Amino acid sequence: MLKRFINMAAISVSLFAFTTVYAKEEVNVYSYRQPFLIKPILDQFSQMHNIKVNIIFADKGLEERIAREGKYSPADVILAVDISRVMEFVSRDLVQPVSSRDLTENIPANLQDAKGKWFALTTRARSIYAQKGLPDVDTLNYEDLAKPEFKGKICMRSAKHPYNIALIASMIANNGYDQTKEWLIKVKENLARKPQGNDRAQVKAIKDNLCQYSLGNSYYYGKMLLDEQQKSWAEAVSIVFPNQNNHGTHVNVSAMMMAKYAPNRDNALKLMEYLASDEAQSMYATLNMEYPVNPSVNPSSLVASWGEFKTDSVDLAKIADNRKLALKLVDETRFDLAS
């Protein structure tokens with residue numbers, strides 16, 4: 001009986017030791033990026049490194065959650081899809097600096113924080129979608145959407161959505177506060193309907209002849225072309241990269257950060273380095289139709305077929321700094337209340 005007890009105790013200790021070791025081989029991701037968009041990449045990382053990836057997704061409130069969890073937060077890596085959200089984590093002291101030769105070499109200097117607190121993973125253009133067959137679309141500027149000839153021809157999602165706020169913030173940087181306010185007022189007058197839906201819904205509205213122009217992130221064009229139900233929407237429009245004769249097209253980023261109290265720091269660093277690697281960047285390009293930040297990785301063949309374009313050189317941090325001003329403008333103009 002005693003021998004059996006000793007053997008059972010030994011087995012229990014062994015199982016506990018195994019569980020403890022295995023539990024350490026994990027990494028916790030808090031993500032504003034939807035899990036299905038990155039799951040194949042995270043699965044590949046797990047297979048390569050034998051590290052389990054746990055992911056928590058939210059469309060808002062991750063900053064508050066991590067702040068509330070404090071030093072007991074299980075968050076290791078944070079994924080965000082807008083520079084304003086990235087800087088919110090930084091300004092609230094929720095991330096820690098990372099020093100990595102792999103990250104420094106694989107990500108251009110203008111797409112990472114000088115102090116190592118955030119690193120871009122992909123870029124996406126804030127494009128104009130124009131009804132197929134319209135003339136002179138290649139010379140379009142964002143500013144043109146305020147012209148009288150566009151009255152009743154524009155569809156938009158809420159101006160308060162982070163994608164549009166970032167665009168407005170970039171226009172404040174390029175054109176000034178007062179001029180951007182005037183632009184918003186006139187674009188509001190040119191709307192075909194009250195702001196609603198998401199970026200894809202605006203393309204569908206063009207297909208349904210409700211309007212002729214909309215704003216949308218570039219990767220949606222590729223995703224719609226590959227979606228059986230939405231392919232006809234994408235085929236009804238041309239993707240336009242605005243402001244090619246002046247300051248260039250506004251580009252935003254998805255990015256990663258290491259949480260301030262990351263309990264699995266070594267594994268977090270491995271994941272971050274993997275996400276910037278040639279392999280993961282190629283998967284990003286193919287799966288998500290975004291532009292990889294790693295200069296040795298090309299966009300997917302479909303994205304590349306849209307052609308090269310000049311990007312806005314406004315510093316991403318400046319866009320983040322202008323976020324509150326952009327929100328103020330949207331409120332002042334009562335943009336989302338357009339009838």
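Not measured: the values here are computed from a predicted model.
- Both M48 and L287 belong to a single network of hydrophobic side chains, linked directly or stepwise wherever heavy atoms of I, L, V, M, F, W or Y lie under 4.5 Å apart.
- Residues N209 and Q131 bring a donor and an acceptor atom of their side chains to less than 3.5 Å of each other.
- Connection of I172 to W183 is established within a shared hydrophobic cluster, with ILVMFWY side chains joined at heavy-atom distances below 4.5 Å, either directly or through further cluster members.
- Here the straight-line distance linking atom CD1 of I83 with atom CH2 of W118 works out to 4.0 Å at 0.5 Å rounding.
- Judged purely by atom type and a 3.5 angstrom limit, S73 has no side-chain atom pairing as donor or acceptor with the backbone of I66.
- Side-chain atoms of I56 and R65, non-hydrogen and from C-beta on, do get closer than 4.5 Å to each other.
- K223 has no carboxylate O lying under 4.0 Å from a charged side-chain N of E290, or vice versa, which leaves the two without a salt bridge.
- In this structure, A159 and F335 approach most closely via the heavy-atom pair CB-CD2, 3.5 Å.
- Among all heavy-atom pairs drawn from A285 and N298, the shortest one is CB-O, 3.9 Å.
- With values rounded to the nearest 0.5 angstrom, S84 atom OG is found 9.5 Å from L316 atom CG.
- Side chain of T333 to backbone of V330: a donor-acceptor contact under 3.5 angstrom is found.
- A salt bridge links E105 with R101: the closest approach of a Lys/Arg side-chain nitrogen to an acidic carboxylate oxygen falls below 4.0 angstrom.
- Relative ring orientation between Y274 and H49 is described as perpendicular, the plane-to-plane angle rising above 60° on a 0-90° scale split at 30° and 60°.
- With hydrogens and angles disregarded, a donor-acceptor distance shorter than 3.5 Å links the side chain of D76 to the backbone of N28.
- Side-chain contact check for M289 versus L225: every heavy-atom pair is 4.5 Å or farther apart.
- What you find for V27 and F45 is that their closest heavy atoms are CG1-CE2, 4.2 Å.
- Between the side chain of N164 and the backbone N or O of S158 there is at least one donor-acceptor pair closer than 3.5 Å.
- More than 12 heavy atoms of other shown residues, nucleotides or ligands fall within 6.0 angstrom of atom CD in E149.
- The existence of a salt bridge linking D82 and R124 is excluded, since no basic side-chain nitrogen approaches an acidic carboxylate oxygen closer than 4.0 Å.
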*Kindly indicate, with the supporting measurements, whether the criterion salt bridge (Lys or Arg N to Asp or Glu O under 4.0 Å) is fulfilled by K204 and D208.*
CA-CA 6 Å; K204 183 179 185 299; D208 293 340; 2.8 Å; yes
_From CA spacing to verdict: side-chain contact (heavy atoms from CB on, under 4.5 Å), N217, Y163_ = CA-CA 8 Å; N217 282 355; Y163 298 158; 3.4 Å; yes
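- Judged by distance alone, with hydrogens and angles left aside, the side-chain atoms of Q244 form a donor-acceptor pair with the main-chain N or O of P242 at under 3.5 Å.
- In summary, of the residues considered (N245, T249, N243), a side-chain hydrogen bond (donor to acceptor under 3.5 Å, both in side chains) with H247 occurs for N243 alone.
- Looking at T286, its side chain never comes within 3.5 Å of a backbone N or O of M283 through a donor-acceptor pair.
- In this structure, C211 and I206 have side chains that are in contact, with non-hydrogen atoms separated by less than 4.5 Å.
- Nearest heavy atoms, S31 versus I38: OG-CD1, 4.2 Å.
- In this structure a side-chain-to-backbone donor-acceptor pair under 3.5 Å is present from Q281 to L275.
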*Checking side-chain contact (heavy atoms from CB on, under 4.5 Å) for the pair E182/D178: CA distance, chi angles, key distance, verdict?*
CA-CA 6 Å; E182 184 66 19; D178 292 339; over 6 Å; no
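- Residues F119 and V297 fall into different hydrophobic clusters, defined by Ile, Leu, Val, Met, Phe, Trp and Tyr side chains chained together at heavy-atom separations under 4.5 Å.
- Side chains of R33 and S254 form a contact here, defined as non-hydrogen atoms less than 4.5 Å apart.
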*List the steps and the verdict of side-chain contact (heavy atoms from CB on, under 4.5 Å) for L145 and I128.*
CA-CA 10 Å; L145 299 181; I128 292 177; 4.3 Å; yes
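- A distance of 12.5 Å separates CD1 of I168 from CG of N175, quoted to the nearest 0.5 Å.
- The shortest side-chain heavy-atom distance between V29 and L79 falls under the 4.5 Å cut-off.
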*Using the side-chain contact (heavy atoms from CB on, under 4.5 Å) rule, take V187 and Y142 through it: C-alpha gap first, then chi angles, then the decisive distance, then the call.*
CA-CA 10 Å; V187 171; Y142 297 116; over 6 Å; no
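- Annotation: side chain of E26 is in contact with side chain of N264 (closest heavy-atom distance under 4.5 Å).
- Other residues, nucleotides and ligands place no more than 12 heavy atoms under 6.0 Å from the CZ atom of R334.
- Atom NZ of K132 has more than 12 heavy atoms from other residues, nucleotides or ligands within 6.0 Å.
- Atom-to-atom distance recorded for N322:CG and Y177:OH is 11.0 Å, nearest 0.5 angstrom.
- From L121, atom CG reaches atom CE of M272 across 8.0 Å, with rounding to the nearest 0.5 Å.
- Side-chain atoms of K153 never come within 3.5 Å of backbone atoms of Y213 as a donor-acceptor pair (strictly under, hydrogens ignored).
- Looking at every heavy atom in both residues, P299 comes nearest to A304 through CB-N, 4.3 Å.
- With V98 as the partner, the side-chain contact (heavy atoms from CB on, under 4.5 Å) test is satisfied by one option alone out of E273, M258, K117: M258.
- Residues Q96 and R265 have side chains in contact (heavy-atom distance under 4.5 Å, counting atoms from C-beta outward).
- The distance from atom NZ of K270 to atom CD1 of I51, rounded to the nearest 0.5 Å, is 4.5 Å.
- Linking Ile, Leu, Val, Met, Phe, Trp and Tyr residues whenever their side-chain heavy atoms come within less than 4.5 Å places L271 and L269 in a single cluster.
- Put simply, the residue from R157, R193, K207 that forms a side-chain hydrogen bond (donor to acceptor under 3.5 Å, both in side chains) with Q202 is R193.
- Using a 4.5 Å cut-off on side-chain heavy atoms (C-beta onward), Y129 and Y220 make contact.
- Residue N110 qualifies as enclosed at atom CG: its count of foreign heavy atoms under 6.0 Å is above 12.
- Of the possible donor and acceptor atoms, one in the side chain of N198 sits under 3.5 Å from a partner among the backbone N and O of A201.
- In the model, E63 has a side-chain atom that pairs as donor or acceptor with a side-chain atom of Y32 under 3.5 Å.
- V203 and V137 are assigned to two separate hydrophobic clusters, defined by single-linkage of ILVMFWY side chains at heavy-atom distances under 4.5 Å.
- With hydrogens and angles disregarded, no donor-acceptor distance shorter than 3.5 Å links the side chain of N252 to the backbone of V81.
- For the 3.5 Å distance criterion, the side chains of N141 and N246 qualify, holding a donor opposite an acceptor.
- For Y291 and F309, the ring centers are positioned less than 6.0 Å apart.
- Smallest separation of non-hydrogen atoms from A234 and Y221: O-CE1, 3.4 Å.
- In the displayed structure, K310 atom NZ is contacted under 6.0 Å by more than 12 heavy atoms of other residues, nucleotides or ligands.
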